[in-house]
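To start, the structure itself, in structure tokens.
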Amino acid sequence: MARKDDFINAFKLAAQELQLKNPMEVGRLSGAGFDKDRGWYQLDFINRPVIVNVPEVTVKYLDSSDEIPLTEQVLVLHYLNEAKGSPLTDDLITYREVPAGEFYYPAFRKRAEAPFLSVFGGRPDLLPRLAPLLGGESLPGHGDAAARFQPLPRVPVTIVVWGGDEEFEPAGKILFDRSIHHYLSTEDVAWLSGMIVYRLMRLASIAEGE
């Protein structure tokens, strides 16, 4: 398990890399845009507006003083650094099809797939209800329920779930555009998936308590 010191170091390295880049080019490739007057990038991250200041790199919410978890700050910086500006292919792939995804798949399943199914496998109906709260849209006709999210400007994530019954265990897929490796590393794809899933799980807990 990664320690806080690991993420502090990862933030420093990513910040140093970003400082060396042309901000207008980074803004163009990532779809974030760069405000020269304010000295910041602005992008939506899982349906929350975020600003990334340079050259003294900070990652903050635009609409709140709440602190963004360090893991999420690092992921935003990685996205800005990695973005290649590649167009979407509209070809959906599983995590195993992401470069080196087979190697990281056990961690991906533990971080994202299994927790998601533990909640939504028995309640597929919750997914289309809750998806709009994270900026997602329902996708009728896929599985028992499905939703598409846009957690970063050029990184769509689609989640499909099939509810279990007496014969079959619940099943689900988290799908990505084939261009995903032009924007995030394979490990970061797993982290991002978990960030979406745990937000959905928190929302489900609230909804089921109503």
Check your understanding: Is the count of non-hydrogen atoms from other residues, nucleotides or ligands lying under 6.0 Å from E137 atom CD greater than 12?
Key -> yes
Review point. Are any side-chain N or O atoms of N81 and backbone N or O atoms of A14, one a donor and one an acceptor, separated by less than 3.5 Å?
Key: yes
Revision key, fill the gap. Rounded to the nearest 0.5 Å, the CG atom of L29 sits from the CE atom of M24 at a distance of 11.5 Å
Exercise for review: Would you indicate whether K21, at its atom NZ, is surrounded by more than 12 heavy atoms from other residues, nucleotides or ligands within a distance under 6.0 Å?
Suggested key: yes
Check your understanding: Got a donor-acceptor contact below 3.5 angstrom from the S118 side chain to the P115 backbone?
Key -> yes
Review point. Is a side-chain donor or acceptor of D177 paired with a backbone partner of D90 at a separation under 3.5 angstrom?
Key: yes
Check your understanding: Under 3.5 Å, side chain of S193 to main-chain N/O of V189, donor-acceptor pair present?
Key -> yes
Study note, to complete from the structure: dist L88:CG -> I180:CD1 (nearest 0.5 Å) comes out at 9.5 Å
Revision key, fill the gap. CG of D188 to CG of L152, rounded to nearest 0.5 Å, is 10.0 Å
Check your understanding: Is the shortest heavy-atom distance from the side chain of H142 to the side chain of K173 under 4.5 Å?
Key -> no
Review point. For T94, does its backbone N or O pair with a side-chain atom of E97 as donor and acceptor, under 3.5 Å?
Key: yes
Review point. According to a 4.5 Å side-chain heavy-atom criterion applied to Ile, Leu, Val, Met, Phe, Trp and Tyr, with indirect links allowed, do W191 and I159 form part of one hydrophobic cluster?
Key: yes
Point to revise | Nearest atoms (heavy-atom pairs only) where L139 meets R148 | key: CD1-CB, 3.9 Å
Review point. What is the minimum heavy-atom distance between L130 and L203, and which atoms define it?
Key: CD1-C, 3.9 Å
**Study point:** Side-chain donor/acceptor of S179 to backbone N/O of H182, under 3.5 Å
**Key:** no
Exercise for review: Say whether L126 and W162 are linked into one hydrophobic cluster, either directly or through other cluster members, by side-chain heavy-atom distances under 4.5 angstrom.
Suggested key: no
Review point. Same cluster or not: are V54 and V50 linked, directly or through other Ile, Leu, Val, Met, Phe, Trp or Tyr residues, by side-chain heavy atoms under 4.5 angstrom apart?
Key: yes
Review point. Take atom OH in Y61; do more than 12 heavy atoms of anything else shown fall under 6.0 Å from it?
Key: yes
Check your understanding: With no hydrogens and no angle check, is any side-chain donor or acceptor of Y79 less than 3.5 Å from a backbone partner on R154?
Key -> yes
Review point. Rounded to the nearest 0.5 Å, what separation is found between the OG atom of S86 and the CZ atom of R178?
Key: 13.5 Å
Check your understanding: Taking all atoms of both residues into account, what is the closest heavy-atom pair of P151 and I196, and its distance?
Key -> CG-CD1, 3.8 Å
Exercise for review: I would like to know whether Y104 and V98 meet side chain to side chain contact (heavy atoms under 4.5 Å, CB included); could you show each step before the answer?
Suggested key: CA-CA 10 Å; Y104 286 105; V98 177; over 6 Å; no
Point to revise | Donor-acceptor pair, side chain of D144 and main chain of G163, under 3.5 angstrom | key: yes
Point to revise | Heavy-atom side-chain contact between V76 and I68 under 4.5 Å | key: no
Exercise for review: Working to the nearest 0.5 Å, report the span between CG of D6 and OG1 of T71.
Suggested key: 12.5 Å
Review point. So, the side chain of Q73 versus the backbone of F11: is there a donor-acceptor pair under 3.5 Å, distance only?
Key: no
Check your understanding: Is L117 reachable from F149 through a run of hydrophobic residues whose side-chain heavy atoms are each under 4.5 Å from the next?
Key -> yes
Review point. Heavy-atom distance under 4.5 Å between the side chains of D35 and Q42, does that happen here?
Key: no
Revision key, fill the gap. In this structure, OH of Y198 is separated from CD1 of I46 (nearest 0.5 Å) by 13.5 Å
Review point. Are F176 and V157 close enough that some pair of their side-chain heavy atoms sits under 4.5 Å apart?
Key: yes
Practice item. Compare every heavy atom of P128 with every heavy atom of S138, then report the nearest pair and how far apart it is. Key: OG-CB, 3.5 Å
Review point. Would you say F45 and W40 are hydrophobically clustered, going by side-chain heavy atoms of ILVMFWY under 4.5 Å?
Key: no
**Study point:** Closest contact, heavy atoms only, K84 versus Y183
**Key:** N-CE2, 4.0 Å
**Study point:** Member of T58, L80, V26 meeting the side-chain contact (heavy atoms from CB on, under 4.5 Å) criterion with V52
**Key:** L80
Exercise for review: Indicate the ring-plane relationship of F116 and F120, choosing parallel, tilted or perpendicular according to the 30° and 60° boundaries.
Suggested key: parallel
Practice item. Take the angle between the ring planes of F108 and Y95 and call it parallel below 30°, perpendicular above 60°, tilted in between. Key: parallel
Exercise for review: Apply side chain to side chain donor-acceptor pair (under 3.5 Å) to the pair D66 and S64, showing each step before the final yes or no.
Suggested key: CA-CA 5 Å; D66 294 345; S64 170; 3.2 Å; yes
Review point. Going by the salt bridge (charged side-chain N to carboxylate O under 4.0 Å, His left out) test, which pairs reach into residues 107-120, not counting sequence neighbours?
Key: R109-E113
Point to revise | Minimum heavy-atom distance between N47 and P132, given as atom pair plus value | key: ND2-O, 4.4 Å
Practice item. Answer yes or no: is there a donor N or O on one side and an acceptor on the other, between the side chain of R199 and the main chain of M195, under 3.5 Å? Key: yes
Check your understanding: Do S30 and L43 come within less than 4.5 Å of each other through their side chains, counting heavy atoms only?
Key -> no
Revision key, fill the gap. Here the salt bridge (charged side-chain N to carboxylate O under 4.0 Å, His left out) pairs for residues 44-57, sequence neighbours left out, are R48-D63
